[in-house]
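Within every chain, numbering begins at 1; the chains are lettered A, B, ... in the order of the sequence lines, protein sequences first and strands thereafter. Scope of the values below: all heavy atoms of this structure, side chains included, with no hydrogens, waters or symmetry mates.
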There are 2 protein chains.
Amino acid sequence: MAAGSVRNSREDVIAVALRLLDETGLPDLTMRRLAAALDVQPSALYWHFTDKQTLLAAVSDRIIDRVPSVRPRDDEGWAELALAEARALRDALLSYRDGAELVASALALGLGADAARERLRAALGRGDFDAYIVDAGADAMLQFLLGHVAHEQQRMQADSLGVVASPHAVRAEDASGTVPSQGAAFDFGFTLLLDGLAKHVRSAAGPAGLTASVR
Amino acid sequence: MAAGSVRNSREDVIAVALRLLDETGLPDLTMRRLAAALDVQPSALYWHFTDKQTLLAAVSDRIIDRVPSVRPRDDEGWAELALAEARALRDALLSYRDGAELVASALALGLGADAARERLRAALGRGDFDAYIVDAGADAMLQFLLGHVAHEQQRMQADSLGVVASPHAVRAEDASGTVPSQGAAFDFGFTLLLDGLAKHVRSAAGPAGLTASVR
DNA sequence: ACCTGAACACCGTTCAAGT
DNA sequence: ACCTGAACACCGTTCAAGT
């Protein structure tokens, strides 16, 4: 079942791991199963990667690197661009089972996922911000992004397994009469961050006084 | 070493698990080690909890439940209260090793951590918001909170193990000349969300036009 | 450059049975 | 109400050796 039936490159291992992730989910992506899918002994994987964490970080980076690049129109501001980047990242994470959880844990372990942060930082770079604001803003966006999508994916899986209807979902419907799409909820949360950042643009002073200052 | 040397209650198990978490970290908090700390066979744990996930969710809930309640002053607005709640939650997570990661993964699995969301929802309840805004706002706050603190804790551990200085930390210092405290970075990110929410207060209309609308 | 074979030191979970 | 004993079906990782 391994592609060319000869020896595997590091790239092959990542590709098969990605396929296995999507087919079986993160908890079942074990070194032994991955080795079996590659028609190889488990120990062979340790020639390519020093340990499982490193392997998973590489898979995580592969997901991020595949995110199509967003080409900003010239008239597009930092906020529109950041939202476009966020949507592209979300789509990529959603396209693999447990994608968000994988990337989130690679990030939490301090490996990989840097490319994602860089894209968000670059988008904010279009605005006139202090460097500190760019850092903190990109960090906040990334944390929200990964956490939200991981939660989305967990609910998708729980629903598909026919678990009890979550009380949270019920409440959301009660409130508005119509249940908003997941994409809309994501956009809304992300836009909260963008609105908050807008206050910190250097050139155009913020809406002084209108918003309660909490510091 | 178990408290009374007799049989254990469900509460005892949680308490010892919490101590073991803090001493050894989440990866080493195994059912077998926990059983040993309780002077009991591993199988005994399955009388108290159906599986490890459920046990960890209970530990997670215990951490959240211990967060001291924030008593709002009468003149305090929703934003100040939400920030106070967020700080209290952060402090509680920081006080146990891997606390944020534990709670984040319980939340991602759809178990526990509801109390944390409720506290944030309650804070927003002081403001004049659509119910939908309260839900999405509390969700965004919680995602940022858990992700940010998990990242903080991972960096603390990496630093204490003397790993290579992260390039990210270096950059932050370059930018501002002074390296801001972690608490300040947390407050800043959280305040971005609060500022974004302020635009959605029903009664007082937002600063129309000043902020680029991205929808 | 890439892999095998064999081993080490673990895991979570089940289940009949005990007190 | 709470636990033992024994087993099942796995894990990640190391390391000498092979081609």
Visitor: Could you report the tightest heavy-atom contact between B/Ala115 and B/Ile64, atom names first, then the distance?
Guide: CB-CG2, 3.6 Å
Visitor: Does the pair B/Glu11/B/Arg62 count as a salt bridge with the N-to-O cut at 4.0 Å?
Guide: yes
Visitor: If you measure only the distance, is there a donor-acceptor pair under 3.5 Å linking the side chains of A/His200 and A/Asp130?
Guide: no
Visitor: Considering only C/dC3, D/dC2, D/dT4, which nucleotide approaches the side chain of B/His48 most closely?
Guide: D/dC2
Visitor: What integer distance in Å separates A/Leu34:CG from D/dT13:P?
Guide: 12 Å
Visitor: With P as the reference atom in both, quote the distance from C/dA9 to D/dC10 in angstrom, rounded to an integer.
Guide: 22 Å
Visitor: Counting only side-chain heavy atoms from C-beta out, which of C/dG12, D/dC2, D/dG12 sits nearest to B/Arg7?
Guide: D/dC2
Visitor: Does C/dC3 have OP1 or OP2 under 4.0 Å away from a side-chain N or O of A/Asn8?
Guide: yes
Visitor: Looking across every strand, which nucleic acid part, if any, lies under 4.0 Å from B/Arg10 by heavy atom: base, sugar-phosphate, or nothing?
Guide: nothing
Visitor: Quickly work out the A/Met31 CE to C/dC3 P distance and round it to whole Å.
Guide: 13 Å
Visitor: What is the separation between atom CG on A/Asp51 and atom C1' on D/dC11, rounded to the nearest whole Å?
Guide: 15 Å
Visitor: Could you tell me the Watson-Crick or G-U partner of C/dA6, where both distances fall under 3.5 Å? Say none if there is no partner.
Guide: D/dT14
Visitor: Report yes or no: do A/Tyr96 and A/Arg19 form a side-chain donor-acceptor pair below 3.5 Å?
Guide: no
Visitor: Go through the N and O atoms of the side chain of B/Ser43 and the base of D/dG5, and report whether any donor-acceptor pair is under 3.5 Å.
Guide: yes
Visitor: Can you tell me how far P of C/dG12 sits from CG of A/Asp28, to the nearest Å?
Guide: 16 Å
Visitor: Give the C-alpha distance, both sets of side-chain angles, the deciding distance and a yes or no for salt bridge (Lys or Arg N to Asp or Glu O under 4.0 Å) between A/Asp187 and A/Arg87.
Guide: CA-CA 8 Å; A/Asp187 279 10; A/Arg87 283 172 171 161; 2.5 Å; yes
Visitor: How many Å lie between CG on A/Leu55 and P on D/dT13, as a whole number?
Guide: 10 Å
Visitor: Provide, to the nearest angstrom, the distance between the CH2 atom belonging to B/Trp47 and the C1' atom belonging to D/dC2.
Guide: 6 Å
Visitor: Of all the choices, D/dT13, C/dC3, D/dT4, which nucleotide is nearest to the side chain of A/Val40 once you look at every atom?
Guide: C/dC3
Visitor: Give a yes/no answer on whether the side chain of A/Arg32 brings an N or O atom under 4.0 Å of OP1 or OP2 in D/dT13.
Guide: no
Visitor: Calculate the interatomic distance between B/Leu45 atom CG and C/dT14 atom P; express it in whole Å.
Guide: 13 Å
Visitor: Rounded to whole Å, how long is the line connecting atom OH of A/Tyr46 with atom C1' of C/dG5?
Guide: 16 Å
Visitor: Please tell me which of B/Ala44 and A/Thr50 maps to the more 5' nucleotide of DNA chain D, matching each residue to the nucleotide holding its nearest heavy atom.
Guide: B/Ala44
Visitor: Which residue lies toward the 5' end of DNA chain D, A/Thr30 or B/Ser9, if each is placed at its nearest nucleotide?
Guide: B/Ser9
Visitor: Pick the C1' atom in C/dA16 and in D/dC3, then give their distance to the nearest Å.
Guide: 13 Å
